[in-house]
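Working notes, structure below.
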Amino acid sequence: MKHSGSILIVDDNPDILIAARLLLKQHYQRVKTTDNPFDIAGIINEQRNSDQPIDVILLDMNFSQDSISGKEGFYWLKKIIEQDANIVVLLMTAYSDIQLAVDAIKAGASDFIAKPWQNEQLLGAVAAAFSHAKDKQQVGKLTRQKHGLNQALNTPSFEFLGQSTAMQQVFNTIEKAAKTDANILITGESGTGKELTAHAIHQASMRSEHTFLSLDMGAVAQNLFESELFGHKKGAFTDAKADRIGKFELAQGGSLFLDELGNLPLEHQAKLLAALQNRQVTPIGGSKTIDIDIRLICATNDNLEQAVAEGRFRQDLLYRINTVEIRLPALRERSDDIPLLADYYLNHFAQKYKRNLTITTHDMASLCHYSWPGNVRELAHAIERAVILSEGENLDVSSVVGNITSNVNSTNNPIENNNAYDTFDLDILEQRTVRAALTHYQGNVSHAAKALGLTRGAMYRRLEKYGL
């Protein structure tokens, strides 16, 4: 059976072209020839456009009469590599010596063939060249896939927006901190945009061309913590059926974002601290340490200083992770941004669901006066639901966000409304919000968690915390 690859033979001797073609045509489906090296670029493009790209080129080194230096061959070799680095080139010459062969390999040729050749020798060299070409194509494919994966991982779902004074301060801090490799701690209520902030830091950093990985610490089972972060070797424990690369190693050269860090048990805090201090990790069941080079970004909605005082969080780990702290304001603290955010999410979801909707002045005022206990995440989910459920050309905001109308009608400032906002205690506000979400979704935890922007694990922790 003939090999399906494509070969191009380039030589100014017609006898060489005929002999090589007759030999190789017996083994390969597509064998093209030319006696003019200036045709090479056109043939490569023509074959690529016909979905039959050239895999291997047999290239003579001397085309000028009485020329034996091989300079022409090196010139055309360079041109071929510049045009398509996946093509494997075999150089041919009747004036061979060891130094010329060494120089050919250094210049990028796969092999060096002396003329006249032995048929078995030529067939072996061409077969090896095709194997090399396949490997190069696979590496190129993996490289493109990795680049695409990195782009996907490094691209957040939404833009990080804000024009209020509070957000301008956040942007200013990000701009200064991102240029360094300092560890950053992002704090703020749930739904304020901590992961978007981490993405913004990564994209503005010197590591932006490398991977951004995120891990929700609240969703990691305690017995899998070390495996998730440090990796494990096959057979290290009962379910370790294959080697696993940990997040620290996967994020090598890039940024690692650890969300909900306040949920990390003390025993795991010590292991994380050791990895950060030593800049090394050891997979479970392994004996070889792996040097790590990552930018660490952490986030929490917990008060870590209070957690330290209560003995729930290590003070030395807190010092290690918050070289720079960025506090994200709640949406009620940056209400000037609500019209900007509402318009952005409306455009985003209107395109997604192929709707053409606008927000009336009255409904925009309703959005601006609502307290948004779930912050930007709640606003995004509300706009998405409204886009889905609205009829006509106007977005029906009141159909998805409970009590907006009643809040607006009762007072223009919900903070002054004792019935709507009678406390500033975040735990009480969070408990009320969780309870309201459960009531709205008739006890469906999954739907309530999604509306609140929480994982199921994080939602169950709050249900246990508040006895709901």
Residue pair Thr358 / Asn394, side-chain donor-acceptor N/O under 3.5 Å: yes
Glu189: which of Arg332, Arg377, Arg327 passes salt bridge (charged side-chain N to carboxylate O under 4.0 Å, His left out): Arg332
Donor-acceptor pair, Ser205 side chain versus His202 backbone, under 3.5 Å? yes
Residue pairs passing the side chain to side chain donor-acceptor pair (under 3.5 Å) test with at least one member in residues 216-225, sequence neighbours excluded, are none
Does Leu341 reach the side chain of Leu331, with side-chain heavy atoms less than 4.5 Å apart? yes
Looking at side-chain heavy atoms only, is the closest gap between Gln169 and Thr173 below 4.5 Å? no
Any luck finding a side-chain donor-acceptor pair between Arg30 and Ser6 under 3.5 Å? yes
Decide if atom CG of Asn356 counts as having more than 12 heavy atoms of other residues, nucleotides or ligands within a radius under 6.0 Å. no
The salt bridge (Lys or Arg N to Asp or Glu O under 4.0 Å) partners of Asp316 (sequence neighbours excluded) come to Arg314
Would you say the rings of Phe212 and His199 are close, in the sense that their centroids are separated by under 6.0 Å? yes
Lys450 atom NZ: more than 12 heavy-atom contacts under 6.0 Å: no
State whether the side chain of Asn375 and the backbone N or O of Ser190 hold a donor-acceptor pair below 3.5 Å, judged by distance alone. yes
Donor-acceptor pair, distance only, cut-off 3.5 Å: does the side chain of Gln47 make one with the backbone of Gln52? yes
Is the NZ atom of Lys79 crowded by more than 12 outside heavy atoms at less than 6.0 Å? no
Please tell me if the side chains of Leu213 and Ile294 come closer than 4.5 Å, counting only heavy atoms from C-beta onward. no
So do Leu256 and Arg295 actually touch side chain to side chain, heavy atoms under 4.5 Å? no
Indicate yes or no for a side-chain donor-acceptor contact from Glu226 to the backbone of Thr282 under 3.5 Å, with no hydrogens or angles considered. no
Are any of the side-chain heavy atoms of Ile201 and Ile326 separated by less than 4.5 Å? yes
List for me each residue that meets salt bridge (Lys or Arg N to Asp or Glu O under 4.0 Å) alongside Arg334, sequence neighbours excluded, and say none if there are none. Asp337
Return yes when atom CD of Gln168 has more than 12 non-hydrogen atoms of other residues, nucleotides or ligands closer than 6.0 Å, and no otherwise. yes
Side-chain heavy-atom pair Leu367, Met364 within 4.5 angstrom cut-off: yes
Verify, without hydrogens or angle tests, whether Lys194 (side chain) and Gly188 (backbone) share a donor-acceptor contact under 3.5 angstrom. yes
Arg312 backbone acceptor or donor facing Gln269 side chain under 3.5 Å: yes
Without swapping roles, check the side chain of His232 against the backbone of Ala242 for a donor-acceptor pair under 3.5 Å. yes
Identify the two heavy atoms, one from Arg355 and one from Ser390, that lie closest to each other, and give their separation to 0.1 Å. NH2-O, 2.9 Å
Flag if over 12 foreign heavy atoms under 6.0 Å of OH, Tyr319: no
Identify the two heavy atoms, one from Ala198 and one from Ile297, that lie closest to each other, and give their separation to 0.1 Å. O-CD1, 3.7 Å
At their closest point, which heavy atom of Phe313 faces which heavy atom of Leu318, and how far apart are they? CE2-N, 3.8 Å
Mark yes or no for whether Asn183, through its side chain, and Arg320, through its backbone, hold a donor-acceptor pair below 3.5 Å. yes
Taking Asp293 first and then Arg207, would you say they form a salt bridge - that is, a charged N and a carboxylate O separated by under 4.0 Å? yes
Pick out which of Val89, Ile40, Asp60 makes a side-chain contact (heavy atoms from CB on, under 4.5 Å) with Val10. Ile40
